[in-house]
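I have placed the structure first, in the form of structure tokens, so that the comments after it can refer back to it.
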Amino acid sequence: MQLLDGLNPAQLEAVTTLAGPLLILAGPGSGKTRVITHRIAYLIQQEGVLPHRIMAVTFTNKAASEMRLRLERLVGPRSGDLTVGTFHATCARILRRDGHQIGLDPSFVIYDDDDQISLVKSVLKELELDEKRYPARPFLSAISSAKSELKGPVEYGEFTTSYWQEVASRVYRRYQEMLKTNRALDFDDLLMITVQLFKDCPDVLARYHDRYQHLLVDEFQDTNIAQYAIVKQLGARSRNVCVVGDPDQSIYSWRSADIRNILNFEEDYPDLKTVVLEQNYRSTTTILEAAQGVISPNVMRKEKKLWTQNGQGDPITLFEAYDEGEESKFVAREIERLVAREGFSLKEFAVMYRTNAQSRALEDAFLRYGLRYKLVGGTRFYERREVKDVIAFLRLIQNQGDGVSAARVVNVPTRGIGARTMAEIEKLARQRGVSLFRAMEIGVAEQPDGNATTTLAPRVRNAVAAFVEMVNQLVADKATLGILNLLDRLLEKTGYRAFLLDGTEEGQERWENVMELRTVARDYETLNPQSALDAFLEGMALMSDVDGLKDEEEGVTLITLHAAKGLEYPCVMIVGLEDGICPHSRSVDDPAALEEERRLFYVGITRAMKRLWLVYATRRTLYGNVNFNQPSRFFTDIPANLVDFRGTGAPPVGKPDALFSAFAAAPKRPEPQLGYSGSQRSGLLRFPSRGGGAGSGGSGGGSWPKSQPPVRPTPMSPRSGPVPLRPTPITLRTPPIPPRPSPMVPGSGMGDGPTPPPELREPVGDPSFKAGDRVYHPAFGNGVVVSSRMVRGDEEVTVAFDQRGVKKLALSFAPLQRQ
DNA sequence: CGAAAGGCTCTTTTT
DNA sequence: GAGCCTTTCG
């Protein structure tokens, strides 16, 4: 049978084992998607299972639509009856349909991260908690984790062990009440409330049992407790539960994904059958060996040996850049070169990084070099202000209970309803226990004399009345207009169009974004008008980063390592591979977190089919400061024979061997000392000849290897430990870039001629400079100190230079002299 | 009331 | 460097 042709034995078993619980442990590139789709097709064609009796859950909408596409090719139009979607989207659908059983309004809105923060903030205000002392974020994280573990406010409150948690439980309780008033659910509610619905209403669950005979869950290693509960509930009767995943690719524990779901799956299903897919069809042997080297130090894993029949392939390129600017430039030029000389196309490249902020430098370079790129995530389209404004209007029209949206748009564009007025209205809403919008209606209707509760001045009252009237008219319009007409009318009536089109270029751009939103809305125009707006808004809320990525579109993909999960590219460049970036600084002192960083790097490496570049910079501007980071500690785990090293040609003056000791002597890496040691981390390594060697980790004296033979691939000895990496100086055509003078850069210009040795000072507890001191700096000349403060053990001196303006200088670097 | 400017803090990853 | 908040001025 065609469906089974070309499957390897493990795949075959996974496709044809249909009854009972099945766990498929699928290594990267092992044909997982093929297995899932063929399994579904097999169920339909061979077993005669009706498509509408199969539910498949994916991690992103993009994965869902790709699965749909492939299934359509396999089984034809009947595939339209399958239920394929993310957990969140599937739950949203269930709740809209059956949530009324537990008192849910079917037109609930879905609150995203921003909305949640707004809501927490208003709770904090109401509880009179100072936002400085009690920032909103941590509360939201606590609430989110609690919900992911199916703990409501009550359960959460029972286990508080600190004062803060007690406060959090009060915030949580009130937050949940306000969601209800707003007729809103947040992301986590979609899951938690679904579990609750199934628990409270067995007849509802039974209906789903009647319908769904087969359940498939992809990326199971990244499910949380709530999601797992849903799987168990839905699969309780049929027990035909097939979960697919790879513990080595579990990278969402911070989002409460619980790796135990997959590691301990068999405890819940003793009759579980497990199939391991170990043959890799994606990558070269070189890439796979590097990946294996990176992942194997992890303790918390199930051993799995990937293998491939693919050839050795090209060596991995390891590139050291001077800074992020040069890093990006290297990436751009390298891509240009491969496209020109080796016949690759732009869409075959992906550049991956740990944090979204890193995309900026890349974008700059790509724009300069005229390379098309596709940016995933970052400032997402749906998070742009104008887009969110318009969506907030639509949400308010759909659901007047939505106070977050009401508050957002009540004065956009400005219509004379300021903070003072809103405080008044909020008070009223609280007193009466009604939504914000309802409170506005009440505030307008009631006379200030009589049994007055509000004291809205007549002018303000008119403004509020006009807003209320406008919204109510649009609500009435909704009944008769399609979504596009409604949108157009809204943009006119609210004055939003005129507000954006203020003649500036930025306004024009924002307007175009709104029009882009209109294009998206067009897809929903044909739906039944009752549910069209719901569906549209839901689609907006549950949109994921990668969903907008079009594979066939020309351009280099710029993407975070997280978002890259599940994707593959012929050429992958991973940038920013420095300690503190990848692994991220917030993970380095937590072994479990470090393992996850390792898995993340592993995910990145295994996205590559043919070519892989690993890039790091010796210095990087982060959050406005220059940082000096070590190359990523993960490099030590990549066998050196797989790697070609390239640097920027002639090394900068005094390039220390120590930079590479990171490769040779990983376990000896100096651990971060207790307390803050920002200055040590950042500076000393660069100046070993003067710094007395603190932290430079070895052979002082900055000698560059004179001539090393190029490192050629040699057969890898898998478990015998990595061979120390040696740098192979290769002269690039690129001339070394003179460092740009930057206020925080030491000496502000090693490279443009001899620089006076920076005086390294031990940071002290108190600022040594005070306002008014006259100082001299070799590059900036004379100046006067404006202020000085201690930042993480280092002194940050703000100096007004006579010639060069005001600069902030880190005293540990800056050769600042008192006059 | 509203816009603009200044100052503060924080800075991972996302359905 | 950005976003958020507060302050200030019109």
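Letters A, B, ... mirror the listed sequences (proteins, then strands); counts begin at 1.
- Summarising the geometry, the separation between CD on A:Gln116 and P on B:dT14 is reported as 15 Å, rounded to the nearest angstrom.
- Between A:Gln221 and A:Val244, the shortest heavy-atom distance links the atoms OE1-O, 4.3 Å.
- Within the 4.0 Å cut-off from OP1 or OP2 of B:dT14, at least one side-chain nitrogen or oxygen of A:Asn356 is found.
- Within a 6.0 Å radius of CZ in A:Arg360, no more than 12 heavy atoms belonging to other residues, nucleotides or ligands are found.
- Computed from coordinates, the A:His562 NE2 to B:dT13 P distance equals 9 Å when rounded to whole Å.
- In plain terms, the two heavy atoms of A:Leu124 and A:Pro135 that are nearest each other are CD1-C, 4.4 Å.
- Aromatic ring centroids of A:Trp254 and A:His562 lie under 6.0 Å apart.
- When rounded to the nearest whole Å, the span between CZ of A:Arg354 and C1' of B:dT11 equals 12 Å.
- Under the stacking criterion of a centre-to-centre distance below 5.5 angstrom and an interplanar angle below 30°, A:Tyr252 is not stacked against the six-membered ring of B:dT13.
- Taking atom NZ on A:Lys147 and atom C1' on B:dT15, their separation rounds to 14 Å, with Å as the unit.
- Under the stacking criterion of a centre-to-centre distance below 5.5 angstrom and an interplanar angle below 30°, A:His584 sits stacked against the six-membered ring of B:dT12.
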Symbol by symbol from the 5' end, with Watson-Crick or G-U pairs under 3.5 Å, [ ] crossing and | another strand, DNA chain B is ||||||||||.....
N/O-N/O pairs, protein side and nucleotides 4-7 of chain C side, under 3.5 Å:
| unit_1 | atom_1 | unit_2 | atom_2 | d |
| --- | --- | --- | --- | --- |
| C:dC5 | OP1 | A:Lys121 | NZ | 2.9 |

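- Around NZ of A:Lys151, the count of heavy atoms belonging to other residues, nucleotides or ligands within 6.0 Å does not exceed 12.
- None of A:Val464, A:Ile417, A:Leu436, A:Ile425 except one satisfies the side-chain contact (heavy atoms from CB on, under 4.5 Å) rule with A:Val410; the exception is A:Ile417.
- Among the candidates A:Arg183, A:Arg408, A:Arg395, the single residue satisfying the side chain to side chain donor-acceptor pair (under 3.5 Å) test with A:Asp402 is A:Arg395.
- Distance CG (A:Asn224) to C1' (B:dT14): 12 Å, rounded to an integer number of Å.
- A:Ile117 has its CD1 atom 14 Å from the P atom of B:dC10, to the nearest Å.
- Spacing of C1' atoms, C:dC4 relative to B:dT13, comes out at 22 Å, to the nearest Å.
- One interatomic measurement links the two molecules: CD1 of A:Ile251 to C1' of B:dT15, which rounds to 13 Å at whole-angstrom precision.
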Let me see the working for A:Val294 and A:Ile605 under side-chain contact (heavy atoms from CB on, under 4.5 Å), right down to the final yes or no.
-> CA-CA 9 Å; A:Val294 165; A:Ile605 292 173; 3.8 Å; yes
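- Here B:dT15 presents its C1' atom at 12 Å from CD of A:Glu538, a figure rounded to the nearest Å.
- Aromatic rings from A:Tyr616 and A:Phe635 are positioned such that their centres are separated by under 6.0 Å.
- The ring of A:Tyr172 has its center no closer than 6.0 angstrom to the ring center of A:Tyr175.
- In this structure, A:Val460 and A:Thr421 have side chains that are in contact, with non-hydrogen atoms separated by less than 4.5 Å.
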If the sugar-phosphate is the primed atoms plus P, OP1 and OP2 and the base is the rest, what is the B/S/- string for nucleotides 1-6 of chain B, using protein heavy atoms under 4.0 Å?
-> SSS---
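- Checked against a 6.0 Å centroid threshold, the rings of A:Tyr228 and A:Phe220 count as neighbours.
- Between B:dT12 and A:Arg586, a contact under 4.0 Å exists linking OP1 or OP2 to a side-chain N or O.
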